[in-house]
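Working notes, beginning with the structure itself.
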Amino acid sequence: MRLVMVYREQSEARLAVETFIRDFETQTGGEIEVIDPDTRAGAGFCETYDVTSYPTLLALTPEGTPTMVWRHTLPTIMDASAYK
């Protein structure tokens, strides 16, 4: 599984998102990939996965199929860790 967080650094959610990522990595040893929707690659990712709101956390299979998507509200570390 691959966890991907899509968010804008220049947003009011920044602190919550960065704290969540840091805590997740510390508590689980897993990684969360970060994507900026304002880059060319990020815009392409958002189009592919229909991400239109931020923050959005996606759990993707190795083939790239989304198995879980959290929009606007971050999950608990425990819930997200099931997909690491």
Side-chain angles (χ1 to χ4, degrees):
M1 282 288 182
R2 172 180 162 210
L3 288 172
V4 180
M5 178 72 74
V6 183
Y7 81 105
R8 289 189 165 111
E9 264 190 51
Q10 303 302 320
S11 72
E12 60 187 54
R14 177 182 175 219
L15 182 59
V17 169
E18 291 175 355
T19 299
F20 178 84
I21 292 169
R22 184 185 64 244
D23 290 349
F24 179 86
E25 291 176 352
T26 300
Q27 292 177 31
T28 69
E31 284 187 28
I32 296 177
E33 180 182 342
V34 174
I35 296 204
D36 179 349
D38 296 324
T39 65
R40 175 174 269 182
F45 181 90
C46 290
E47 186 175 323
T48 299
Y49 291 101
D50 195 30
V51 175
T52 58
S53 59
Y54 315 104
T56 295
L57 179 64
L58 298 98
L60 305 173
T61 66
E63 295 78 30
T65 304
T67 58
M68 187 64 183
V69 179
W70 295 272
R71 297 178 198 276
H72 302 290
T73 305
L74 298 173
T76 64
I77 301 255
M78 187 174 177
D79 287 344
S81 69
Y83 298 93
K84 71 174 189 148

When you look at Asp38 and Arg8, which way does the side chain to side chain contact (heavy atoms under 4.5 Å, CB included) test go after all the steps?
-> CA-CA 8 Å; Asp38 296 324; Arg8 289 189 165 111; 3.0 Å; yes
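- Every residue meeting the side-chain contact (heavy atoms from CB on, under 4.5 Å) condition with Val69, not counting sequence neighbours, appears here in chain and number order: Thr56, Leu58, Pro66, Arg71.
- Counting heavy-atom neighbours within 6.0 Å of Glu47 CD, excluding the residue itself, gives a total of 12 or less.
- Side-chain contact check for Met1 versus Lys84: every heavy-atom pair is 4.5 Å or farther apart.
- Crowding of Glu33 atom CD: a count of heavy atoms from other residues, nucleotides or ligands under 6.0 Å exceeding 12.
- Evaluation of the side chain to side chain donor-acceptor pair (under 3.5 Å) rule for Ser53 yields His72 as partners, not counting sequence neighbours.
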Let me check something: any side-chain donor-acceptor pairs from residues 73-83 under 3.5 Å, sequence neighbours excluded? List them with distances.
residue	atom	partner	partner atom	Å
Thr76	OG1	Asp79	N	3.0
Thr76	OG1	Asp79	OD2	3.2
Ser81	OG	Ile77	O	3.4
Ser81	OG	Met78	O	2.8

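- Within the 4.5 Å cutoff, the side chain of Phe24 has heavy atoms near those of the Leu3 side chain.
- Phe20 and Val34 fall within a single hydrophobic cluster, where Ile, Leu, Val, Met, Phe, Trp and Tyr are joined by side-chain heavy atoms under 4.5 Å apart, directly or via other members.
- Tyr54 places none of its side-chain heavy atoms less than 4.5 Å from the side chain of Ser11.
- Heavy-atom minimum distance, Met5 versus Pro55: SD-CB, 4.0 Å.
- Cluster membership for Val4 and Ile21, using ILVMFWY side-chain heavy atoms within less than 4.5 angstrom, is not shared.
- The hydrophobic clustering, which links ILVMFWY residues whose side-chain heavy atoms are closer than 4.5 Å, places Ile32 and Ile35 apart.
- The cluster map of Ile, Leu, Val, Met, Phe, Trp and Tyr, joined by side-chain heavy atoms under 4.5 Å apart, puts Leu60 and Tyr7 in different clusters.
- Counted by atom type alone, Glu63 and Thr65 present zero donor-acceptor pairs between their side chains at under 3.5 Å.
- In this structure, the side chains of Val6 and Tyr49 stay at 4.5 Å or more apart for every pair of heavy atoms.
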